[in-house]
Amino acid sequence: MNGAESLVHTLLAGGVDTCFANPGTSEMHFVAALDRIPGMRCVLCLFEGVVTGAADGYARMAEKPAATLLHCAPGLGNALANLHNAMRARAPMVNIVGDQATYHRPLDAPLTGDTRGGAGRGGPFRPPPPPPAPGGVAPPPAGRGARTAPGQIATLILPADTAWNEGGVVAPALAVPPVPAVAPQVLAQIAAVLRRGEPALLLLGGAALREGALADAWRISAATGARLMAPTSNARMARGRGRVAIERVPYPVDAALGTLAGLAHLILVGAPAPVAFFAYPGKPGRMAPPDCAVHVLARPEHDAAAALAWLAGELGAPAVAAPDPGPRPAPARGAPTPEGLAATLAALMPEQAIVVDESVSYGRGFFPGTRAAPAHDWLQLTGGAIGEGLPLATGAAIGAPGRRVITLQADGSAMYTVQALWTQARERLDVTTVILSNRKYAILLGELANVGANPGRTALDMMDLSNPDLDWTLLARGMGVAAERAETMERCADLLAQSFARPGPFLIELVV
Ligand SMILES: Cc1ncc(C[n+]2csc(CCOP(=O)(O)OP(=O)(O)O)c2C)c(N)n1
């Protein structure tokens, strides 16, 4: 058995059975091992940023890591933006990065680069040293690292000779450490804070945004008057009928400050304290009022759901039904608007849909209009590095087969990783993409004004995506995805309904 074969067996033994890949010469023995050993679903992606974005989406839905296969330092470099997003989503992932053979590295061949440096930037898990030749790679620490709550990125560098040398050893999976419980004193302290009845807000992130945890948070809210909110960007949130609907801290600084004004206590439940995405001249960076006490109920690695359940019990908060979101809206008519699109989605989306939201500026108001939709999960761009929506949707569809994925996708961001559409076609994934075609970097037009910069012709041209116009129907069809354009909400509704009724990917260019 060679090193590559032992690695594939070890990954499978550890429950990693899906590999998003973009291979090169240094990974050929790993690819050959995947061919010889059954059990691994291999998904080809045509850019490394699609590989890592797809592995992120897979992990968010399957709740376990996928493997990625990436090509030495430059390939890993291409992967970094979506690795960053995955790290912010706290998605587990095991990266296998090929590299020059150990004895070839000193020759400084053209593709030799700082693979270890890049791996270190992909997440907090330090890459293990290259395994000694001959053979015998040892991925279980990587697998365990990835699965340690709340999910981490583990990167294994696989020099070509360690893959092809004989002497591979299959390692049994290591036990994954249990999710740590919140300390009883912390729970008691937070209960005491909530009993005071002062203006308080529970900021729910990570596992606290799942259905059961939201229900317990709602009990606490109903019993104590504490408000509930989520961070601006979240990896996965349970939404729709039957779930407790909560709003997010708004992205614009003034709106965020207004939302949190007057708070005496901010209680963090698996979420970080809210800060502005960027510094703006003359504005604060922290969004909570300066005299607001910030308490940590659960850090992201803690069992936030158990903490909320305990707290609800301790406060004697009875079970309460989720608030009725009102009737399911009817599809909108006329010219496209954000509210109209939200209503149309709520009207038509199937049960248990997965919404992937990289809508950037267009989607800030999607939440209120989709409350009365059937139960669904909502996935967002967590690290602000645009170009993750299409890959994220691709991975989510593979991680949750049988569920329709709906991607709400801003056009500028879509162009970063547009090749993900090809993988959706090849894998026949049930993904409906709505391209929000405003032919602008609209958010940056606002940011130009927000930072007080000068909007001259050259600056404005750098935020304009026209001249030439992108034709999304041609782009999609060129990658095997059926596509149509919609200029009205009626047409959009028609196309959405058609797409939901048939298997496979479909793209709607919504001209907004
Ligand atoms: C990897 C990366 N590169 C560049 C940026 C800067 N950036 C932020 S938003 C944006 C434009 C987004 O345009 P689009 O996706 O069309 O959405 P819209 O603003 O029109 O809603 C850019 C270039 C970023 N956030 N991440």
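Just so you know, these numbers use all the heavy atoms, side chains as well, and skip hydrogens, waters and symmetry mates. All ligand and atom numbering here is 1-based and tracks the order in the structure.
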Examine [X] against ligand 1 and note whether any of their N/O atoms are separated by less than 3.5 Å.
X    : result
G412 : yes
Y441 : no
G384 : yes
L465 : no

[atom]: nearest protein contact (heavy atom, Å):
atom                    : result
atom 3 (N) of ligand 1  : Y416 OH, 3.4 Å
atom 8 (C) of ligand 1  : L444 CD2, 4.1 Å
atom 17 (O) of ligand 1 : A410 CB, 3.3 Å

Exercise. Any chance you could lay out the side-chain hydrogen bond (donor to acceptor under 3.5 Å, both in side chains) test for D357 and W378, step after step, and finish with the verdict?
Key: CA-CA 7 Å; D357 176 1; W378 196 284; 3.0 Å; yes

_Please list, in number order, the atoms of ligand 1 under 4.0 Å from a heavy atom of A442._
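Counting atoms of ligand 1 from 1, those under 4.0 Å from A442 are 18 (P), 19 (O), 20 (O).
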
Next item on the list: Using a strict cut-off of 4.0 Å, indicate which atoms of ligand 1 neighbour a heavy atom of S361.
Entry: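 This gives 18 (P), 19 (O), 21 (O) as the contact atoms.
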
Side chain, backbone, both or neither: A81 near ligand 1, heavy atoms under 4.0 Å:
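It is neither part, as no heavy atom is under 4.0 Å.
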
Going by distance alone, is a donor N or O of one side chain under 3.5 Å from an acceptor N or O of the other, for E388 and Y416?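 E388 vs Y416: no donor-acceptor pair found between side chains.
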
- Task: Scan side-chain atoms only and decide if N95 and T68 contain a donor-acceptor pair under the 3.5 Å cut-off.
- Result: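 Yes, T68 and N95 have a side-chain donor paired with an acceptor closer than 3.5 Å.
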
Could you name the option among L80, I386, L436 that has the heavy atom nearest to atom 1 (C) of ligand 1?
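Checking each option, the heavy atom nearest atom 1 (C) of ligand 1 is found in I386.
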
Q | Identity of the nearest option to atom 19 (O) of ligand 1, non-hydrogen atoms only, from N82, I443, N85 | A |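 When every heavy atom of N82, I443, N85 is considered, I443 comes closest to atom 19 (O) of ligand 1.
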
Check for me whether G387 has a heavy atom closer than 4.0 Å to any atom of ligand 1.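 G387 does not count as a contact of ligand 1 under the 4.0 Å cut-off.
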
Item to complete: Answer yes or no for atom 6 (C) of ligand 1: protein heavy atom present at a distance under 4.0 Å?
Response: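 No, there is none.
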
Review point. Below 4.0 angstrom, N of the basic side chain to O of the carboxylate: do R502 and D430 qualify?
Key: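 No, R502 and D430 are not salt-bridged.
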
Check this for me: does any side-chain nitrogen of one of R491 and E484 sit under 4.0 Å from a carboxylate oxygen of the other?
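E484 and R491: salt-bridged.
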
Out of L76, L111, T115, V97, which residue meets the side chain to side chain contact (heavy atoms under 4.5 Å, CB included) rule with H71?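 For H71, the side chain to side chain contact (heavy atoms under 4.5 Å, CB included) test succeeds with only one of L76, L111, T115, V97, which is L111.
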
task: Enter the distance from L392:CG to N85:CG here, rounded to the nearest 0.5 Å.
output: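 One finds 8.5 Å between CG of L392 and CG of N85.
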
Assess the residue pair Q100 and R105 against the criterion (side-chain hydrogen bond (donor to acceptor under 3.5 Å, both in side chains)); give the C-alpha distance rounded to whole Å, side-chain angles, the decisive distance to 0.1 Å, and a yes or no. CA-CA 6 Å; Q100 298 288 3; R105 175 163 271 283; over 6 Å; no

Check your understanding: Looking at F367, is R239 sitting on its ring face, NZ or CZ under 6.0 Å from the six-membered ring centre and within 45 degrees of the normal?
Key ->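 Judged by the rule, R239 and F367 form a cation-pi pair.
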
